[in-house]
Amino acid sequence: NAGVTQTPKFRVLKTGQSMTLLCAQDMNHEYMYWYRQDPGMGLRLIHYSVGEGTTAKGEVPDGYNVSRLKKQNFLLGLESAAPSQTSVYFCASSIWTGAYEQYFGPGTRLTVT
Amino acid sequence: QQQVKQSPQSLIVQKGGIPIINCAYENTAFDYFPWYQQFPGKGPALLIAIRPDVSEKKEGRFTISFNKSAKQFSLHIMDSQPGDSATYFCAASGGETSGSRLTFGEGTQLTVNP
């Protein structure tokens, strides 16, 4: 049981390049989330999904797209990377246990130059 | 709009001290208040959580105190150890349209000196 995994762990992009971050969970969780973490700003929700085939915008969705074609995977795409997207990206998944306890992946450190 | 405000931004205590981290929220629809612990290079991990029907919850050396009327909650770490050095985030969720979404505080970097 690997929990939540993220690929890649590190990436450097040039402005304007595109890339996709992959999140996978093996806990059969319905809900999945993408956050970005920046110093002094906590974790901010980018997009989330309440089930296979569904996605919704979070707090800071601009410049990102997501897809949830399979229940266990949640992809985050950057179509045209900008330096403002330099951040650490975390994926999480959750299930109802009386509350939606979220389990986080190890993160992807992205630098856009 | 930051709906959960956390303080202090950083905190340094000696081993055995009792660091206290405070959070305040605005949305009265919030009904679930977790704390997450994050070590460098790792993802956040759920530490302890509370619902507003109780004023205090204790798990080991970690205690959450909750004040519903003041819309504040805090984390206390008893007998703190150097291994507790990490970043701590409070969070909140609830409400009909956002029950599964967490709103996080800004984080507190805790250092426990030996």
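We name chains A, B, ... by the order of the sequence lines, and we start the count at 1 in each one.
Using a 4.5 Å cut-off between heavy atoms, Gln109(B) does not touch chain A at all. Interface remark: Leu45(A) contributes side-chain atoms only to the contact with chain B (heavy atom separation under 4.5 Å). Of the atoms belonging to Pro44(B), heavy atoms from both backbone and side chain fall under 4.5 Å from chain A.
A continuous path of hydrophobic side-chain contacts links Trp35(B) to Leu110(B) [ILVMFWY only; heavy atoms under 4.5 Å]. Val4(B) and Phe66(B) fall within the same hydrophobic cluster, defined by Ile, Leu, Val, Met, Phe, Trp and Tyr side-chain heavy atoms under 4.5 Å apart, directly or through other members. In the hydrophobic clustering of this structure, Val50(A) does not group with Ile46(A); members are Ile, Leu, Val, Met, Phe, Trp, Tyr whose side-chain heavy atoms approach within less than 4.5 Å, directly or through other members. Transitive grouping of hydrophobic side chains (ILVMFWY, heavy atoms separated by less than 4.5 Å) brings Tyr48(A) and Trp96(A) into a common cluster. Using a 4.5 Å cut-off between side-chain heavy atoms of Ile, Leu, Val, Met, Phe, Trp and Tyr, with links allowed through other members, Phe89(B) and Val88(A) fall into the same hydrophobic cluster.
At a heavy-atom cut-off of under 4.5 Å, chain B is reached by Tyr31(A), Tyr33(A), Tyr35(A), Gln37(A) from residues 7-37 of chain A, listed in order of number.
Taking every heavy atom of both residues into account, Glu59(A) and Arg101(B) meet most closely at N-NH2, 4.3 Å. Scanning both residues, Gln102(A) and Tyr36(B), for their nearest heavy atoms gives O-OH, 3.1 Å.
More than 12 heavy-atom neighbours from other residues, nucleotides or ligands sit within 6.0 angstrom of NZ on Lys71(A). Under a cut-off of 6.0 angstrom, the local environment of CD in Glu79(A) is sparse, with at most 12 non-hydrogen atoms contributed by other residues, nucleotides or ligands.
Note: Glu106(B) CD to Arg44(A) CZ = 11.0 Å, rounded to the nearest 0.5 Å. With values rounded to the nearest 0.5 angstrom, Leu46(B) atom CG is found 9.5 Å from Phe104(A) atom CZ.
Ser93(B) is not listed as a side-chain neighbour of Tyr100(A), based on a closest heavy-atom distance of 4.5 Å or more.
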